[in-house]
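The block underneath contains the structure these notes are about, expressed in structure tokens.
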Protein chains: 2
Amino acid sequence: MEVKARAPGKIILAGEHAVVHGSTAVAASLNLYTYVSLRFPTPSDNDEFLRLQLKDLALEFSWPVARIKDALPEAGSLLSSKPTSCSIETMKSIAALVEEQNIPEAKIGLASGVSAFLWLYSCIHGFKPATVVVTSELPLGSGLGSSAAFCVALSAALLSFSDSVSLDMSQQGWSAFGESELELLNKWAFEGEKIIHGKPSGLDNTVSTYGNMIKFRSGNLTLIKSNMPLKMLITNTKVGRNTKALVAGVSERTIRHPDAMSLVFNAVDSISNELSTIIQSPAPNELSITEKEEKIEELIEMNQGLLQCMGVSHASIETVLRTTLKYKLASKLTGAGGGGCVLTLLPTLLSGTVVDKVIAELESCGFQCLLSAIGGKGAENLNGEGLAILLYEVPLEVLQL
Amino acid sequence: MEVKARAPGKIILAGEHAVVHGSTAVAASLNLYTYVSLRFPTPSDNDEFLRLQLKDLALEFSWPVARIKDALPEAGSLLSSKPTSCSIETMKSIAALVEEQNIPEAKIGLASGVSAFLWLYSCIHGFKPATVVVTSELPLGSGLGSSAAFCVALSAALLSFSDSVSLDMSQQGWSAFGESELELLNKWAFEGEKIIHGKPSGLDNTVSTYGNMIKFRSGNLTLIKSNMPLKMLITNTKVGRNTKALVAGVSERTIRHPDAMSLVFNAVDSISNELSTIIQSPAPNELSITEKEEKIEELIEMNQGLLQCMGVSHASIETVLRTTLKYKLASKLTGAGGGGCVLTLLPTLLSGTVVDKVIAELESCGFQCLLSAIGGKGAENLNGEGLAILLYEVPLEVLQL
């Protein structure tokens, strides 16, 4: 028996950094996914292992289920319908289970993800043997929400086998979750994110769960529905960032120049709100798609200027900006800055030839280019045997984690 | 008999564009000068021409003084102590005098400067034959105030021969003007600037006249005294700009995004005020020169980000920024943007080797590099025969044009 789930990455369209200082930010789902498939051995297989295969990295970890049961006894008593935080004590046991896997030094950043995996698996699914295969279209650690997509897709696959989620056996192809199921898997994914990131905002897992776009401010997340197709070129500079140091740098600059910086944060807030208004405005209104795109491009350019004012740009980001500017395309860094990814709006009427040229030029600088529609679907399940999940409309509402 | 005068160029340190929308801006004089020398023929020379030699451009224009007298009769009746605007009627006569000089097509931009010359010369000095030689260390039309420096130096040279200025015959070398003389020559230079630019702000001629630094906001100019040496690298991208179009572009963006842009302008205002406070703070205060320079560098970076937010940057400017960033130097565009000049602070402790490297790299991109101290002297006179002008201290006061 096998089930497959997928969950999208996210991109911040506006408001990174300023959001830490109370401004509004806007994030959207990508149509780049992390896929998690879950397969159970038949009794005749006589397989008593839990295996985690990270296909893209050609890594496999495995534990005898009995060892997991011994290490995490309380996980077995938890209900899959009650997302629960991992205690510090249990984290130590999990860390020991992860440590014995001898993760290669260069991939040691995966350890927290593997820990999250063990917690989510054991809590939602108990101590049954299985093979979990992960593949992803998202670059790791580049601010595109790869860890959240993993947690969401994993929770989605696991919950498909729990009593907490009801299944529509007739559904064919990728199918969405119902409202209460989404809420549940978002909460579980958030528990995983806490293991990986310590104090995540909950934004990444929420975007990955619900898809579409989210406006967030001071911990409040509001799901918003895009009324226009938006296509982005995402350029991964591959320059590693220290998000904490970048956030601290902005805070220090704010202490040194409180008046100027607070005005800058307010300007970002205004930009985020304008952006979400344009994106939500009804399709056939007074503004054509092209006019909307031009407005969005202007807001992207303005936001990038304000991020440069905060001091979080980087030479690699400037190279991307300069390159896309040659083609009159608007770009901004997305996420923490200091490297990481740059987003570039690709207007509807832009020719594929130009896109190819821009990509070729960016790739010749050693960057990785990804094309993605944004504001699409959230977590979904696929069951080759016709297994799938009831589909509900996701209402537009304020989600409070 | 010969007198020589010089007047410096100016650079905007902070606040360009935002100043149009009510923010404070800060400008400083450069130690790059325009020199005007004035030589009168002896009666035995039998020379009845007024000659204007632009040495850097290898151009000479000349008019029989009788022709000028016929064309501008009212100039002869004006007092050199009463700066007077050129009437539209007279401008037509001047235009005719300029037109007959057959200025090369590529240098047609000089026509308004030659017109200003004829007006200032005739008003201040009447219709006497002379040879006026102009040389300059300032690139033309790059936002460094070359036209104002010309008008100020010309007025300074001319006024040295008028009754309005008293001379100290004992002064050796370059000598400054007295307060009332500075006021007078600033007003004459402003009349010249009006002929060249239509509606100048008066900033350029005021900085060129008084030197030092000037804070300006809503038409009010305040002379401020720098308490620290500041050395700048000025990179002329040589990309021609359309200042009017750039100013209009910012205004249009302000109409489209009034909230965000007004916050951005206020942030610039705050940066300009911080900058002038640091520059004016007493030398041996709690902040060392290096600490002050670091603060100024941060303000430069912030101001540049806000200018990018206004949409007035340019690929050539970004190239300069990227190059100086490699050497950890802070830069911003100065003036209208869209090309033009970029300023880079050169900290006191920066080694000459690094400066040479940066300059070599920028020049290899086809840019012109100028080194300048800022906040130095204003208009000065030099008289080889011991002729010079009474020297007064320039008081710190609000100057209202």
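Below, read A as the first sequence line, B as the second, and so on, with proteins coming before strands; counting in each chain starts at 1. Source: prediction; values computed, not measured.
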Are the side chain of [X] and the backbone N or O of [Y] linked by a donor-acceptor pair below 3.5 Å?
X         : Y         : value
Ser372(B) : Ile374(B) : no
Lys10(A)  : Gly143(A) : yes
Ser201(B) : Leu203(B) : yes
Ser29(A)  : Asn212(A) : yes
Glu298(B) : Lys295(B) : no
Asn236(A) : Pro139(A) : no

Practice problem: Would you mind checking if Arg253(B) and Glu301(A) are paired as a salt bridge, meaning a charged N to carboxylate O distance below 4.0 Å? | Solution: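 Salt bridge flag = yes for Arg253(B) with Glu301(A).
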
Quiz item: Would Lys328(A) and Glu297(A) pass as an ion pair if we require N to O under 4.0 Å?
Solution: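 No.
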
Exercise. Taking atom types as modelled, find out whether Gln280(B) and Ser226(B) have a side-chain donor-acceptor pair closer than 3.5 angstrom.
Key: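 Their side chains do not contain a donor-acceptor pair, so the 3.5 Å distance test is not met.
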
Quiz item: Going by atom types only, do Thr319(B) and Arg322(A) share a side-chain donor-acceptor pair under 3.5 Å?
Solution: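 Arg322(A) and Thr319(B) do have a side-chain donor-acceptor pair below 3.5 Å.
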
Quiz prompt | Option that, when pairs with chain A are counted at under 4.5 Å, heavy atom only, ranks first among Ala315(B), Gly305(B), Cys309(B) | solution =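 Greatest number of close heavy-atom pairs with chain A: Cys309(B).
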
Self-check item: chain A neighbours within residues 331-356 of chain B, where any heavy atom lies under 4.5 Å away
Solution: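 Contacts with chain A: none.
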
Quiz item: Checking heavy atoms, do the side chain of Leu325(B), its backbone, both or neither come under 4.5 Å from chain A?
Solution: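 Just its side chain gets close to chain A.
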
Practice problem: Write out, in numerical order, the residues from residues 256-276 of chain A with a heavy atom short of 4.5 Å from a heavy atom in chain B. | Solution: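 Contacts with chain B: Arg256(A), His257(A), Asp259(A), Ala260(A), Met261(A), Leu263(A), Val264(A), Asn266(A), Ala267(A), Ser270(A), Ile271(A), Glu274(A).
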
